[in-house]
Every structure is written in C-alpha cells, then in structure tokens.
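Scope of the values below: all heavy atoms of this structure, side chains included, with no hydrogens, waters or symmetry mates.
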Amino acid sequence: METLSSRVSTAIIGFLVVSAVVYLGWWAMLPALLLVSVMGLFEYVRMLDYNDIDVRRGTLAVFGSAIIIASLPMLPGVPWPGGSWREVVLTVAVGYLLVIEVIKPGERPLERIVYSAFGLLYVPWLLGYFLMLRYTPDGELGLLYFALPLLATFAADIGGFFGGYRFGKRKLAPEISPAKTVEGAISGLLLSFVVITALTEFIYPIWTPMEAFLYAVLVASASQLGDLAESLLKRALKTKDSGTALPGHGGFLDRLDSLLFAVPATYLYLHISLLGG
C-alpha cells in the first residue's frame, strides 16, 4: 500500500507539472525537455556501465540537446523540401560517431557506435516529438492534441493495472514483463477509448467515434509497446529500474516509457490520417 500510495502521489504531481509546462508553451517545454533528455541519457549510460558497455558520453550530451532544440517547430526554414533540422543533427551525429571511432578507435568501436546512436534515437529523438505535437497544427489545437496521449496513456495504465489485477490470467509477454496480462491490455484499451471518446466527441467535438476508436487502439498499443520496450532494455542490461529519481516509479525512463511511444504515434496519426500532411 505504501508503494501504491507513493506511485499515485508521484503520478498526480507529475501529471500536474507536465500539464502546466505544456500549457505554457515551447519556452517552458524546451528547458524541461532538455533536462529530461539529460536525465534519461544519464540513466541509459548508467545501465550500460553496469554491463561494461562504453558509449561516447560527450557526444550523447551535445547531440542529444541539439536534437531537442532542432525539434522546435518555429525554427526558420528547412534544410531541404520535406526535411527537418532534426534529421540534419542526427545525420551529423552518426557521421561524427563514425569519424571519431576511425580516428580514436579504442576497444569495441562498433559497439560504442551502435549503443551511442541508439541512445540518441531512444531518448532525445522521441522526446523531440513532444515539442512537435504541441504545435500541431498550431498552438491552440496543439494543446488539445497533446492532451490526448497524456490522458489516453494514463487511462491505459489505470485500466491495465486494475483490469489485470481483477481478470488477468494470460501473460502478455511473460519473458519480458511477467506482470502484464492480455486481459489488462484489453482493459487499458477500453478505458482509453472511453476517455478519448468523451473528450473528442462530447467535450471538444473533433473526431467521429471511429476516429476515436482507431486512435485509442493505436495509442494504447504504442503505450504498451513503449512499456515493454523499456522492460526489454532493462532485462537485457540486467537492471530492475532505470533510476531512483522518482519515488515509486524508478527513474525518468521508467515513467516516460509509455509516452515516448504514445506521443510520436499521436503525431504521426494526426499527420497521416487527419491533417493530410
């Protein structure tokens, strides 16, 4: 009960803080995301250290911050038609990793390149979508659209927890996350659909029930995949939690694992299915 109480308290505080930062806009989100990116990469590097895996720490810090800044939608111009400054930064980062290993190879250079590049993709690249979604298609609607993955993920977590506790029998991914069940995943999907439908059909009518259902399936699946992906990473690196910064939740990556997939999925869903671009 103490652990559950700590989890709930941290979740509520975190939700309120995130909501306030997102409401204020890019000038509050940018430093917050830079901080989260640094902390997330620190947790990632620490897990690698436990397994004697080396990465380019300075490269991760510099290019990770650059990817977050390059995700600002209001940056002037584009490097090429249909391109983004994010792609430029990531390309330069990978090129730098290759060049620096050629100049100063050290031990296991390929391993260092792969794990360094994965760190950039897993943490700052996915976090960059938070800024992009906040202004899709503009600052007003973007605020509403950003609320969707927050509420849907929260609903999927709550539904999955209580549905799994009450009805859970069949394991969803027993070798990766033994506590998750198929029944819990379905319960999370249903509660997520109810929340999204209520928001987009009655409170702020923007979607049809079918659009809300398709989005609920997508975001609930992305949320589960994000959670399982982080569980897979921790299992592969033989760690229980990514960190201890958040009471009852472990580290930043433990708390953000679902949103790291749900927010990009929302951004892509809006651009492909609804905004037509």
Ring geometry between Trp207 and Tyr145 (parallel below 30°, tilted from 30 to 60°, perpendicular above 60°): parallel

Reported OH-to-CG distance for the pair Tyr269 and Leu133, which is rounded to 0.5 angstrom: 13.5 Å

Asp227 (side chain) donor-acceptor with Gln224 (main chain) under 3.5 angstrom: no

Asn51 to Ala236 - nearest heavy-atom pair and separation: OD1-O, 4.3 Å

OH on Tyr129 to CG on Leu260, rounded to 0.5 Å: 12.0 Å

Side-chain H-bond candidate by donor/acceptor type, Tyr215 with Thr266, under 3.5 Å: yes

Side-chain donor or acceptor of Glu43 paired with backbone N/O of Phe252 under 3.5 Å: yes

Test item: Asp54 side-chain N/O and Arg112 main-chain N/O as donor-acceptor pair under 3.5 Å: no

Arg134 side chain vs Trp26 backbone, donor-acceptor pair below 3.5 Å: no

Donor-acceptor under 3.5 Å (Ser177 side chain, Ala173 main chain): no

His271 and Tyr267 aromatic ring geometry - parallel, tilted or perpendicular at 30°/60° bounds: tilted

Heavy-atom donor-acceptor pair, Thr136 side chain to Met132 backbone, under 3.5 Å: yes

Minimum-distance pair of heavy atoms, taken over all atoms of Gly168 and Glu183: CA-OE1, 3.7 Å

Any donor-acceptor pair under 3.5 Å from Lys234 side chain to Thr239 backbone: no

Test side-chain contact (heavy atoms from CB on, under 4.5 Å) applied to Ala117 - qualifying residues, sequence neighbours left out: Leu97

Heavy-atom donor-acceptor pair, Asp254 side chain to Asp241 backbone, under 3.5 Å: no

Criterion salt bridge (charged side-chain N to carboxylate O under 4.0 Å, His left out) on Glu101 and Arg56, from CA distance to verdict: CA-CA 10 Å; Glu101 291 300 335; Arg56 293 286 179 180; 3.0 Å; yes

Flag, side chain of Asp138 to backbone of Glu140, donor-acceptor distance under 3.5 Å: yes

Identified side chain to side chain contact (heavy atoms under 4.5 Å, CB included) counterpart of Val55 within the set Ile113, Val114, Asp49, Leu48: Leu48

side-chain contact (heavy atoms from CB on, under 4.5 Å) evaluation trace for Leu120 with Trp125: CA-CA 6 Å; Leu120 290 175; Trp125 181 266; over 6 Å; no

Output side-chain donor-acceptor pairs under 3.5 Å for residues 147-166, partner residues at least two apart or in another chain, one line each.
residue, atom, partner, partner atom, Å
Thr153, OG1, Pro149, O, 2.6
Asp157, OD2, Arg255, NH2, 3.3

Heavy-atom donor-acceptor pair, Tyr44 side chain to Tyr122 backbone, under 3.5 Å: no

Shortest non-hydrogen contact between Val219 and Ala262, atoms and distance: CG2-CB, 3.7 Å

